Q: 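Quick one: the structure is below, and I'll ask about it shortly.
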Amino acid sequence: MAKLHGHVTINIENCKGCELCTDACPQNSLNMSKNINKKGYHYAILVEENCTGCTNCALVCPEAVMTVYRENKNRIIKPAPMASIDSKNISVSIS
Amino acid sequence: MAKLHGHVTINIENCKGCELCTDACPQNSLNMSKNINKKGYHYAILVEENCTGCTNCALVCPEAVMTVYRENKNRIIKPAPMASIDSKNISVSIS
Amino acid sequence: MKKRVSEKILMKGNEAIAEAAIRAGVKAYFGYPITPQSELLEYMSAQLNSRGGVFLQAESEVAAINMVYGAAGCGERVMTSTSSPGFSLMQEGISYIASAELPCLLVNVQRGGPGLGTIQPAQSDYFQAVKGGGHGDYNLIVLAPNSVQEMANFTYLGFDLADQYRTPVLILADGALGQMMEPVVFPDYDIVKNKVDHSSWATRGKKDGKQHVITTLHIEPEKMEIINNHLQEKYRDICDKEIRFEATKTDDAEILLIAYGLSSRIAHHALELARDEGLKVGLFRPITLYPFPYRQIRALTKKVDSILTVEMNAGQMVEDVRLAVGEKVPVHFYGRTGGVIPQPEEILEKIRAISIAPQMEKIF
Amino acid sequence: MKKRVSEKILMKGNEAIAEAAIRAGVKAYFGYPITPQSELLEYMSAQLNSRGGVFLQAESEVAAINMVYGAAGCGERVMTSTSSPGFSLMQEGISYIASAELPCLLVNVQRGGPGLGTIQPAQSDYFQAVKGGGHGDYNLIVLAPNSVQEMANFTYLGFDLADQYRTPVLILADGALGQMMEPVVFPDYDIVKNKVDHSSWATRGKKDGKQHVITTLHIEPEKMEIINNHLQEKYRDICDKEIRFEATKTDDAEILLIAYGLSSRIAHHALELARDEGLKVGLFRPITLYPFPYRQIRALTKKVDSILTVEMNAGQMVEDVRLAVGEKVPVHFYGRTGGVIPQPEEILEKIRAISIAPQMEKIF
Amino acid sequence: MSKSIQSVQCEHLDKMDIVWDRPDTLIDVPMHYCPGCGHSVVHRLIMEVVQELNIQDITIGVAPVGCSVFSYNYMDVDMQEAAHGRATAVATGIKRVLPDKIIYSYQGDGDLAAIGTAETIHTINRGENIVMIFVNNGIYGMTGGQMAPTTLKGSVTSTTPTGRDLSIHGHPLNIAEMIAILPGAYYVTRQAVNSAKTVRKTKKALLRGFKNQIDGKGGVSFIEVVSNCPSGWKMTPLQSNKWLDDNMLGTYPLGDIKVPEKIA
Amino acid sequence: MSKSIQSVQCEHLDKMDIVWDRPDTLIDVPMHYCPGCGHSVVHRLIMEVVQELNIQDITIGVAPVGCSVFSYNYMDVDMQEAAHGRATAVATGIKRVLPDKIIYSYQGDGDLAAIGTAETIHTINRGENIVMIFVNNGIYGMTGGQMAPTTLKGSVTSTTPTGRDLSIHGHPLNIAEMIAILPGAYYVTRQAVNSAKTVRKTKKALLRGFKNQIDGKGGVSFIEVVSNCPSGWKMTPLQSNKWLDDNMLGTYPLGDIKVPEKIA
Amino acid sequence: MKQEIVIAGFGGQGVLSMGMTLAYGGMVENKDVSWMPSYGPEMRGGTANCTVILNDEKISSPIINSFDTAIILNQPSMAKFESKVKPGGQIIYESNNILTPPTRSDITILDIPANKEAVKLNIKRVMNMIILGTYLGLNPVLKIESILKALTKVLPGRHHHLIPINQQALERGMELATQPTIM
Amino acid sequence: MKQEIVIAGFGGQGVLSMGMTLAYGGMVENKDVSWMPSYGPEMRGGTANCTVILNDEKISSPIINSFDTAIILNQPSMAKFESKVKPGGQIIYESNNILTPPTRSDITILDIPANKEAVKLNIKRVMNMIILGTYLGLNPVLKIESILKALTKVLPGRHHHLIPINQQALERGMELATQPTIM
Ligand SMILES: Cc1ncc(C[n+]2csc(CCOP(=O)(O)OP(=O)(O)O)c2C)c(N)n1
Ligand SMILES: Cc1ncc(C[n+]2csc(CCOP(=O)(O)OP(=O)(O)O)c2C)c(N)n1
Ligand code: SF4
Ligand code: SF4
Ligand code: SF4
Ligand code: SF4
Ligand code: SF4
Ligand code: SF4
Ligand SMILES: [Mg+2]
Ligand SMILES: [Mg+2]
């Protein structure tokens, strides 16, 4: 399967420089900045263009500072309401 | 095996008339008295001479009011110290 | 819910609290057995589930008080009951409930302590009830019934005060009041009218986009102080408005008995005996132990010559009496401990002694 | 056991208690982590097992206090430590320990409440400590150190008093005293000379055919009352003999500050500032909060014009001060709550105000 | 002890052996228990074991709050009476300062499996070298017959007047099976005292437990005894012992649950 | 939220799909946790599930005392902060008066498996229909790294300075396995959050747990998450996640322990 | 008029319900009443007792230590309560259960073979109603109708069919009151 | 003489041990001393601080709210403590970590590139000793020997071999004190 092209943006001011994302990225697309943010942390940055949008970095990031983009192959996996629940009857239908 | 001849004595003042002993006796040697003791209980009494000294009655008696006797066939099972323990070394020898 | 008419029935005090609570619309009862309050729990177990609420026997008093925290945090009328050792176990939870300002009803049917003690009636948890057995600066509203009828009445009142001030209310009773039967009539009670709407703060699922949080943690001391200032203000408000007491034959009294709960009944008997002998004795009964009727007692010191406080303990409320009285008149104390109930004749004896030599007792 | 010389070392108050307890021959420490006392537990975990005792981290404060009960019942020197919420959880166990007359040392390094509150220093468990947070009529001997050195000294003293009176002794400290470092010298302590032989009552295996039982259950109220009478007698004895306090510049004082523990240090600073301004201020520091120095304070009311009590709470010890003072002089109060530490300047401000208009405050 | 005259006299008692007598370690006073109550039997068995192992002078027991709260009046060893649920914390305190002494705790089902659950689990998890005796009568006897954690499904008690409803009150708690998975549990067994046969087995289990401790085997010997509560169950003693057989043992089957070196 | 400029720019973001974004249910404030702390991840996953199931307005969470004591600052649902160890008692109180609401408790190992043991066992034994989330980081993070019941053998903590000694401090407590035998435990699983793979599985487990509750399945869904504590373990976040793999998972193996209708 | 009564015996003898019936009867007649049981852990073989106060005025203390009447159903209770009867008061006791009768001479003492009489009536459980009848025969403080009404409150519904036999027992007791063995 | 100092920065910057070294040094010279940390749940990214009092007389209150000297190692601490320095007092701060320098004009302000200097000395961890050196250079309240003696107490035995490098750092810091950027 050909890899899709992806991208991530990072809210660097909330990054705590834990390095978990850089370690989790299978593409080695991320690295830690030499600069520090206002809290004094070296923050993560995207340094390679080979990101596939696999979301690994976002999944492990404790601060949830990532937004991950991926080329559109006609499907959307954004964690929007996948299920709807009728709060009165407490019955669920997964869409 | 021929049954041995036995006997029980009962501290009737401490009997609470629970009837567990009469039920437990395989020989039906025990019965409840028509009289009551000072606490108001109908107490257990030995009514038959067929007691074998099996100790069942004593084992189930909550008030431990029985003493059970049995013909001597050269062995003693009285619950005397069966084991001795050297209280300093906490080692045990079962005799 | 069964419709019940307001007839007079004979009931144990423990049961009267339970029945009144159900009539007051209690939504949940969490408790753990302990003599001499178990009838309350048992009554709830038999009735509450079929009369609109939930009964749950908790695994311990610690669990029970924290279940109360959870359910009260949802804005529902909830309660627990116990006796002395169990009440000690609840102290952490009570401090949390007071701090989070959760309305609920607590009942301590006291027995003789300290430790496992006896199961006989006592009043030796007074300090624990009114000065705060848990940590931190907080107070409970403490109601002290002295009859089975009041066990019922104060249950209504307790729920109402709890709702009104968002505060835990304690009914401080004792084994005798819990166990004895007296006639009781349950006044009509309009749940709908009396129940306060707590939906502005209670956790019932995010409402209108606003998150509700019940917490007692305010890690910045300055913020915690704001909480404390607010609590203290509320307590001052309660002290202003909610003091309750009963004064009997105080108009011409020379010797004033002060007693609450069961002791006040016994003291009343002693009063009758003393009046028979021509001794001018009055009786002042604090009904709210917190807020304590300091001012009302102090006012009486203008009339009486001396005061005799009677308690079923080694001398606890008498400290509050002394705070009220200052040095206006001598304050004496008579108490029995460990579950022993003082006899009217013993109190009479003490009254006689005071009437002869009403000197100040050595306090310290 | 390592031989240690009595040199001056810099230590946290929490650690000083731990080190002193080990030097006093503590045989077992049972505790549970909680800020701001955890260093005490941690010090014990590092040192006690190799210095003649047993350290055990319990699963909770409830378990810890009951482990203390068990070990103290064997006549051994044992202790626990905690902070406010944990101390609330111990109340049932403490009532049992007091009732069974088991000698042991308890430490409450207070933090701001009520509820989870803050972890900053407070003195809002005063009532809980001195009036009995648990059920029943009992008291603890309560020692209030105000320096790291006293954290050590009172640990020795606490064990000795506990042994002598067969009673639990509480060191009531606060987060600041626990966390701060000051120089401390550990006085020599002769364990052998000081340790009381408890073999006449302790459970160590039937001795000489005599069964020893530790119990707090006396199901006949009359028997329980005998226990209570005995306890009350012991408390009176303690009140006669064990009151400790410190008076600073009280000879010419017109305004008397009363404060204990950390507050007394701050009040002392305020005293210095006030004296600099020519205000005649003295400081009275109760060292034993139970027994409380009522008489000593009352004696000072002959000299001073007014009293200012300073606490890190909403006003607790001030009630005991009022009991002592009666109506002799006005009693004022200054307190901060929730972990906020009063500043010397704030106290000075209050002193200035009193010196201008020393009128009686409205109490009730 | 004054033995009273019997209906059937025996002329030659002096030629017979006493094959069973009340152990000396059981204090010679009437017990406060209801007629037929199993607590009395368990007390006696413990004392028989203490006597046989000759450890009376080095044994310290811990009594609970429950009907057996007074057990120090009967068991002639040093004892401590613990707060409700805390017997094993107290036992831990004792064992830690007196590791050479023989320590046992004695608890009912409310004490051990409700309010004392945390202490129970952690004492076992620490592997304290003590004997824990657990008398499971499926009810709060002392306080007048309320539901216990071990009360059977459908059982009527004073707090389950229409029977224990699993959906409200939860399930009868098999705590022995639960704690058996802890490494600190060295020996876990469930016995009963409702017949001579079960009494004999309980005695053996107790003997084994105390011997484990004496031998310094690492871990708790946990001996559950399924027992009756005629008063709480509102039955005669005989009915209660039969009911125990017919009902309790289905939920609480007898036998060893964990024996050293193997988990049954 | 202000997204800052990246080193690598992307010209055609508008033509791409957002495949992952911070859930709206996670309040947009910086969290107080140490860098790399697993609590943050678990919070986010719970909120993702709440969002996906569209139950934000009917969910009530219970926070413990532990590092996650402030979790109501991050999880945008109604929440109650319980006393140390009592989260499930509080959750029980809530669920009993509001049975139609979705209730979860969130606890650390000290909270759930030490001081709260009794509440844990009995909440499960009652089969409360709630989700219990248990973050096991083998240490008391909040109070500065003391031993927890789940601390591994030999691990150095601030109260086991020479490593956890089983003979003194007892064994690491496998509480999930223990409670799994209770009938009130409907679904018991152990997951982790130390890699993208484990995070995905944890999310699935949480989803399953909440769905169990919504479906009114009788009993607790107990979801243990083995997590790190870089500060308490005195490691970098990366080291801690590796140490978790290499050490924690031996004692706490991942996977379902009990799934409806079968005990694994 | 005020009546202070103690009723004492074994747990199973219906001591508490006898007291409750009396108290309820008082309430039916609009008296102030109180009923106070001895309570505690179930210890069979021990005694159970309750005190009942009937008063035309409001009762002040429900706690009393001396009694107008003591109804005694077993030996241990006799030991406990004989001395607590007020001079001029009375003891009513069940003959069968008392081996050592009371010895005071300043009170009225009645010895009622209520057990035997109950056996005659074919229901052992009404023994307590016989004694209650005797009490009311001797002390006409309440009407028998009030007691019967009380029984409808005290007895659970499923036992209401037993009210007639209880009435019989009460009446038999009242008869016995007229021919007691007064010592 | 009394010195009241606050030292504030990130948790990992050696803030607490710098304070302890100072306090111990004071003790070596027989001053009364006290050291009070900020304490609490571990929240990295937050600030840690401690206050140290050195006094020739007995210290009354160990709780102080204004300081003679503030040693500031990160930006959040600057925000917190700038205003709490007594008029005429001083702030010493680490250049690298401060983006917005203090603005008060009634106090002495020193900007020390301690991190850079530490890198030069090849041990990053002695950054705090450089700053301490600067403090002592400016405020000769303690002898350097006392600080070195203090280090033998504060440093665990296994780190005693680092004392010479700490001494170097202290001395470098004292040098910097003579050439500060005083604003
Ligand atoms: C803190 C506390 N809560 C409750 C009680 C009341 N209480 C005494 S015994 C008991 C239960 C006894 O049941 P169990 O442990 O099963 O023992 P049993 O009497 O059945 O042998 C209770 C709840 C108490 N004494 N202390
Ligand atoms: C009654 C009580 N005891 C102790 C504490 C102190 N305390 C706060 S959090 C905590 C332990 C937290 O550990 P854990 O539950 O494992 O959570 P973590 O921080 O590791 O996530 C303790 C002991 C407290 N707040 N209350
Ligand atoms: S989405 Fe995947 S490939 Fe892209 S940066 Fe993140 S981990 Fe790397
Ligand atoms: S995982 Fe998140 S917090 Fe950690 S370095 Fe990457 S972006 Fe920053
Ligand atoms: S010893 Fe055996 S045979 Fe004899 S009476 Fe007892 S039970 Fe019956
Ligand atoms: S078993 Fe014991 S108490 Fe019961 S009837 Fe027989 S002798 Fe009496
Ligand atoms: S109530 Fe039950 S457990 Fe207690 S003594 Fe009676 S029969 Fe035994
Ligand atoms: S102390 Fe541990 S658990 Fe707590 S926030 Fe830091 S890393 Fe997380
Ligand atoms: Mg039981
Ligand atoms: Mg943890």
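The model shown is predicted, which means the values in this text are computed figures rather than measured ones. Numbered from 1 within each chain, the chains take letters A, B, ... in sequence-line order.
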Q: Between D:Gln128 and chain C, which part of the residue has a heavy atom less than 4.5 Å away: side chain, backbone, both or neither?
A: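 Both parts, heavy atoms under 4.5 Å.
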Q: For C:Arg336, which atoms come within 4.5 Å of any heavy atom of chain D: side chain, backbone, both, or neither?
A: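 C:Arg336 touches chain D through backbone and side-chain heavy atoms alike.
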Q: Look at D:Gly86, D:Pro291, D:Gly339, D:Ser95 and state which one has the largest set of heavy-atom pairs under 4.5 Å with chain C.
A: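 Among the listed options, the one with the most contacts to chain C is D:Ser95.
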Q: Under 4.5 Å, counting heavy-atom pairs only, tell me which of D:Ala314, D:Gly117, D:Pro114, D:Ala100 racks up the most with chain C.
A: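 Most pairs with chain C among the choices: D:Pro114.
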Q: Given that the side chain runs from C-beta out, which part of C:Leu231 has a heavy atom under 4.5 Å from chain D: side chain, backbone, both or neither?
A: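 The answer is the side chain of C:Leu231.
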Q: Look only at the side chain of C:Thr118 and the backbone of D:Pro221, and say whether a donor-acceptor pair between them is shorter than 3.5 Å.
A: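 A pair under 3.5 Å: no.
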Q: Tell me if a side-chain donor or acceptor on D:Glu225 pairs with a main-chain N or O of C:Thr337 at a distance below 3.5 Å.
A: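 Yes.
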Q: Check step by step if salt bridge (charged side-chain N to carboxylate O under 4.0 Å, His left out) holds for C:Glu327 and D:Arg298.
A: CA-CA 13 Å; C:Glu327 295 165 34; D:Arg298 191 164 179 86; 3.3 Å; yes
Q: For C:Glu220, is it the side chain, the backbone, both, or neither that has a heavy atom closer than 4.5 Å to a heavy atom of chain D?
A: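 Backbone only.
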Q: So, taking the atom named CD1 in C:Ile219 and the one named CG in D:Leu116, what distance separates them when rounded to the nearest 0.5 Å?
A: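 Reported value, rounded in 0.5 Å steps: 7.0 Å.
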Q: What part of C:Ala122 gets within 4.5 angstrom of chain D, counting heavy atoms only: side chain, backbone, both, or neither?
A: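 No part of C:Ala122 comes within 4.5 Å of chain D.
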Q: Please report the interatomic distance CG(D:Leu89) to CD(C:Glu92), rounded to the nearest 0.5 Å.
A: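 Between atom CG of D:Leu89 and atom CD of C:Glu92 there are 4.0 Å.
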Q: Check this for me: D:Lys234, atom NZ, are more than 12 non-hydrogen atoms of other residues, nucleotides or ligands nearer than 6.0 Å?
A: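 Yes, enclosed.
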Q: Between atom OG of D:Ser124 and atom CG of C:Asn228, what is the distance when rounded to the nearest 0.5 Å?
A: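 That separation rounds to 7.0 Å.
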Q: Side chain from CB out, backbone as N, CA, C, O: work out which of these in C:Asn108 comes under 4.5 Å of a heavy atom of chain D, or both, or neither.
A: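 It is neither, since no heavy atom gets under 4.5 Å.
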Q: Could you list which of residues 129-138 of chain C have a heavy atom closer than 4.5 Å to any heavy atom of chain D, in residue-number order?
A: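 Under the 4.5 Å heavy-atom cut-off, C:Lys131, C:Gly132, C:Gly133, C:Gly134, C:His135, C:Gly136, C:Asp137, C:Tyr138 qualify.
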Q: Out of C:Glu319, C:Arg111, C:Gln91, return the one with the most heavy atom pairs under 4.5 angstrom to chain D.
A: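 Between C:Glu319, C:Arg111, C:Gln91, the count favours C:Glu319.
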Q: Select one option (side chain, backbone, both, neither) describing which atoms of D:Lys223 are under 4.5 Å from chain C's heavy atoms.
A: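 Contact with chain C involves no heavy atom of D:Lys223 at all.
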Q: Which residue out of C:Gly338, C:Gly113, C:Gly115, C:Ser84 racks up the most heavy-atom pairs below 4.5 Å with chain D?
A: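 Winner by heavy-atom pair count: C:Gly115.
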Q: Evaluate side-chain contact (heavy atoms from CB on, under 4.5 Å) for D:Val340 paired with C:Met224, printing each intermediate quantity in order.
A: CA-CA 8 Å; D:Val340 177; C:Met224 193 66 217; over 6 Å; no
